[in-house]
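On a predicted model such as this, the values are computed, not experimentally measured, just so you know.
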Amino acid sequence: MENVNKFQSFIILFMVFIGIILGQIDLLQTYSEYLIMPSLMVMLFLVFIQIPIKNITESFKNIKFTLTSICINFIWTPILVFILGRIFLNNNPDLLIGFVMLMVTPCTDWYLIFTGIAKGNVALGASILPLNLILQLTLLPVYVFLIGRSSVQMDVLNLLNGVIVSLIIPLFGALIYRKLAISKKGIDYFEKNIVSKACDYQGYFLNIAIVFMFASQGKILLKNPQILLQLLIPVLLFFIINLIVGQFVGRKLNLSHEDNVSLNLTTLARNSPIALAIAVATFPNKPLISLALIIGPLIELPVLFIVSKILLNINQEDKTLN
């Protein structure tokens, strides 16, 4: 799955093309929209199976790292996203909401791959994962409402309903399944057999959902090709600014290179699958919001690969100077 994650941007692009082609068939276009949410719910169920929520206390063993990560992800980042969104996307409310939903949700999976590439502290990065998940599930509706409520008509109850349908049901289903599977098979069997397969299959179901999304809404993208260009500048600025902030803060706190890499990547990588699931459930009649969340990773994943190489080179230069 590591190779799949590293090339996920190309896979997503391929799925986009497949979806657009299938969407030219009227029957497939009509019914594909009903298959998007089930695919995303299965994908999130598989994601949540892998996350040991009960181990959330592990992150507090390194208080300095955890508090810094939380402050950047859940205080600084929403402020930065608000500023970038208002500057570059204020004239396109749907894209603004999609941008907000993409950028305020820290990643819960593939950032660990890039942490490994950059020789970072993967175990430390993994320890913050359950806390990041809980906080983003709790705060995403708040961020969307506060930042985007003046951009689109938004029903708070509808937003909360979208979170419950798209996230809470898969989350509790995964928690129950995880507990039953471990009690029956044991933790070793669960980690080696079930978690590894869930990691593979989550990507498959995400790609299936993307195909259905573009089969149902691809014609809108073809009519609005400027969407990618509109998102490009604010998304790139987000990564550049947060990389600089992460490096500056990490050095001021005297974090080791390995810990600083983990800090940088957990505050850079974003969680488009979770945001996409909420968008589909909450804004079914605003496809540009969901399209923004699919296009985002086309920009994000190549950038994360480049960032991981930059961080690796920084470490080598530091060793040379020392």
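Following chains of ILVMFWY side-chain contacts shorter than 4.5 Å, one can reach Leu89 starting from Leu232, so the two form part of one hydrophobic cluster. Criterion: ILVMFWY side-chain heavy atoms under 4.5 Å apart, direct or through other members. Under it, Leu312 and Leu263 are not part of a common hydrophobic cluster. Under a hydrophobic clustering in which Ile, Leu, Val, Met, Phe, Trp and Tyr are joined whenever their side-chain heavy atoms come within less than 4.5 Å, directly or via other members, Leu229 and Val235 fall into different clusters.
Between Leu175 and Lys179 there is no side-chain heavy-atom pair separated by less than 4.5 Å. A 4.5 Å side-chain heavy-atom check between Lys61 and Ser127 finds every atom pair outside the cut-off.
Between the side chain of Ser290 and the main chain of Lys286, no donor-acceptor pair closer than 3.5 Å is present.
Taking Ile, Leu, Val, Met, Phe, Trp and Tyr as members and joining any whose side-chain heavy atoms lie under 4.5 Å apart, directly or through other members, the hydrophobic cluster of Tyr34 also contains Leu27, Tyr31. Cluster partners of Ile176 are Leu180, counting Ile, Leu, Val, Met, Phe, Trp and Tyr whose side-chain heavy atoms approach within less than 4.5 Å, directly or via other members.
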Atom pairs and distances, side-chain donor-acceptor, residues 291-298, under 3.5 Å, sequence neighbours left out:
none

If you look only at distance, which donor and acceptor atoms sit under 3.5 Å apart when one is on a side chain in residues 238-247 and the other is two or more places apart or in another chain?
unit_1	atom_1	unit_2	atom_2	d
Asn242	OD1	Trp76	NE1	2.7
Asn242	ND2	Thr77	OG1	3.2
Asn242	ND2	Thr267	O	3.3

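Evaluation of the side-chain hydrogen bond (donor to acceptor under 3.5 Å, both in side chains) rule for Thr266 yields Asn132 as partners, not counting sequence neighbours. Qualifying salt bridge (Lys or Arg N to Asp or Glu O under 4.0 Å) partners for Asp26, counting only residues two or more places apart in sequence or in other chains: Lys219.
For CZ of Phe190, the number of neighbouring non-hydrogen atoms (other residues, nucleotides, ligands) closer than 6.0 Å is greater than 12. Under a cut-off of 6.0 angstrom, the local environment of CD1 in Ile233 is sparse, with at most 12 non-hydrogen atoms contributed by other residues, nucleotides or ligands. Other residues, nucleotides and ligands contribute at most 12 non-hydrogen atoms within 6.0 Å of the CZ atom of Phe205. Annotation: Tyr177, atom OH; neighbour count of heavy atoms from other residues, nucleotides and ligands within 6.0 Å does not exceed 12.
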